[in-house]
There are 2 protein chains.
Amino acid sequence: MQECANSRVQTTTLGAFRSLLGAHARLLWQLDLQLNARHGLSFADLEVMLHLEAAEGGELRLSELAQLALLSRSALSRRVDSLVGQGWVLRRSCPTDRRGTFAVLTESGREKLKESVSTHDEVLTEMLTRQLADGELSSLRGMLDRVREDQRQLS
Amino acid sequence: MQECANSRVQTTTLGAFRSLLGAHARLLWQLDLQLNARHGLSFADLEVMLHLEAAEGGELRLSELAQLALLSRSALSRRVDSLVGQGWVLRRSCPTDRRGTFAVLTESGREKLKESVSTHDEVLTEMLTRQLADGELSSLRGMLDRVREDQRQLS
DNA sequence: ACGAATTAATTGCGGGTGCAACCATAATAT
DNA sequence: ATATTATGGTTGCACCCGCAATTAATTCGT
């Protein structure tokens, strides 16, 4: 049967990819919009602070933080500059490795976080939980993780 | 039972969201890397040209193109500037609406496209088709489309 | 123990993005 | 018909990002 051996990627693959781009764009756009409007805070800022809070003692090495927040080290360094400027984060030099630096949430940062997380959660709930059943969510997660963890390098 | 009525978004929702961010970042990084290395072309450029090729007569109004490529009108305008500079695209003013402009693929653009699409497809096949079964791909697409098309505005 | 290779973080730079303001044209209302 | 409003596209601006080079400190090899 299959008569049209299209050299192009299968339409279902391209379609899924475009859906991923679209969903990502819409989610980030909505998150950034609401966070900026209500709290004067970008999603990247909140994401950094969320990872800090989730870490032991609310502090993390800058390199680790960069990986978690999906940013280059330079981008993260500047993001931390900005958060320090707002008084939400502090740099603490690492006692055991004098090259290293920790980022630490300040008390003010914890408050800002607590206040902003509600908007963050509201948007995610609205756009994910309301659209997808529980089983779908974990199935989605499983598939995307397989894509994320693909370790092949193509030449 | 459920004793911990966590005020935070359910961990499965946040997990799925992070997986989406991760998969998106990895896919785009790989795509941009390979396209730049092999063809001196960004993913955004290729995406614009793909949408042009798929359109009737290989031309599209700039506004439509911006929506398809998930770019603001200003970003698209500059992207077209760049593509025109490379000789891959032409601006054609719209005869029926003197405000409007079409973007049109040139012959050279079609060649560049044909050459670059193979890399595009290779990366997508490698990262999506190899990781996900056929049924999974369409299920993934369905879920992400529901997220993308969510039309609610929160305040 | 000492020089070479590695790692952590920062900075200059070029480039890409969105928003808001702008101009030109088209559609709508009165 | 004319004034108002809306739309298409471009530009100034501020911001954010990654790469490559830099500096400082640590680790590895011999």
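The figures that follow rest on heavy atoms only: side chains count, while hydrogens, waters and symmetry mates do not. Convention: sequence-line order gives letters A, B, ...; per-chain numbering from 1.
Ring planes of Phe43(A) and Phe17(B): perpendicular class, angle over 60° (limits at 30 and 60°).
For dA9(C), one of the phosphate oxygens OP1 or OP2 lies less than 4.0 angstrom from a side-chain nitrogen or oxygen of Arg61(A). OP1 or OP2 of dC17(D) has at least one side-chain nitrogen or oxygen of Arg79(A) nearer than 4.0 Å. At dT11(D), none of the side-chain N or O atoms of Ser77(B) fall inside 4.0 Å of OP1 or OP2 (strictly under the cut-off). For dT10(D), the OP1/OP2 oxygens have a side-chain nitrogen or oxygen of Arg91(B) closer than 4.0 Å.
Counting non-hydrogen atoms under 4.0 angstrom, Ser72(B) reaches a base of the nucleic acid.
Nearest-nucleotide positions on DNA chain C place Leu76(A) closer to the 5' end than the other of Ala75(B) and Leu76(A). Taking for each of Ser82(A) and Thr101(B) the nucleotide of DNA chain D with the nearest heavy atom, the 5'-most of the two is the partner of Thr101(B).
No hydrogens or angles were tested; on distance alone, nothing pairs the side chain of Arg98(B) with the base of dG9(D) as donor and acceptor under 3.5 Å. The base of dG12(C) sits with one of its N or O atoms less than 3.5 Å from a complementary donor or acceptor on the side chain of Arg78(A). Between the base of dC19(C) and the side chain of Ser74(B) there is a donor-acceptor pair shorter than 3.5 Å. For dT7(C), the base has a donor-acceptor partner in the side chain of Arg99(A) [N/O atoms by modelled type, under 3.5 angstrom].
If you take CZ on Arg38(A) and OG1 on Thr119(A), they are separated by 4.0 Å, rounding to the nearest 0.5 Å.
When the shell of 6.0 Å around CD of Gln67(B) is examined, it contains 12 or fewer heavy atoms from other residues, nucleotides or ligands.
Taking atom CG of residue Asp81(A) and atom P of nucleotide dC17(D), one finds them 12 Å apart after rounding to whole Å. The separation between Asn36(A) atom CG and dT17(C) atom C1' is 14 Å, rounded to whole Å. Phe102(A) places its CZ atom 12 Å from the P atom of dA8(C), with the value rounded to the nearest Å.
Here the closest heavy-atom approach between residue Leu132(A) and residue Met143(B) is recorded as CD2-CB, 3.7 Å.
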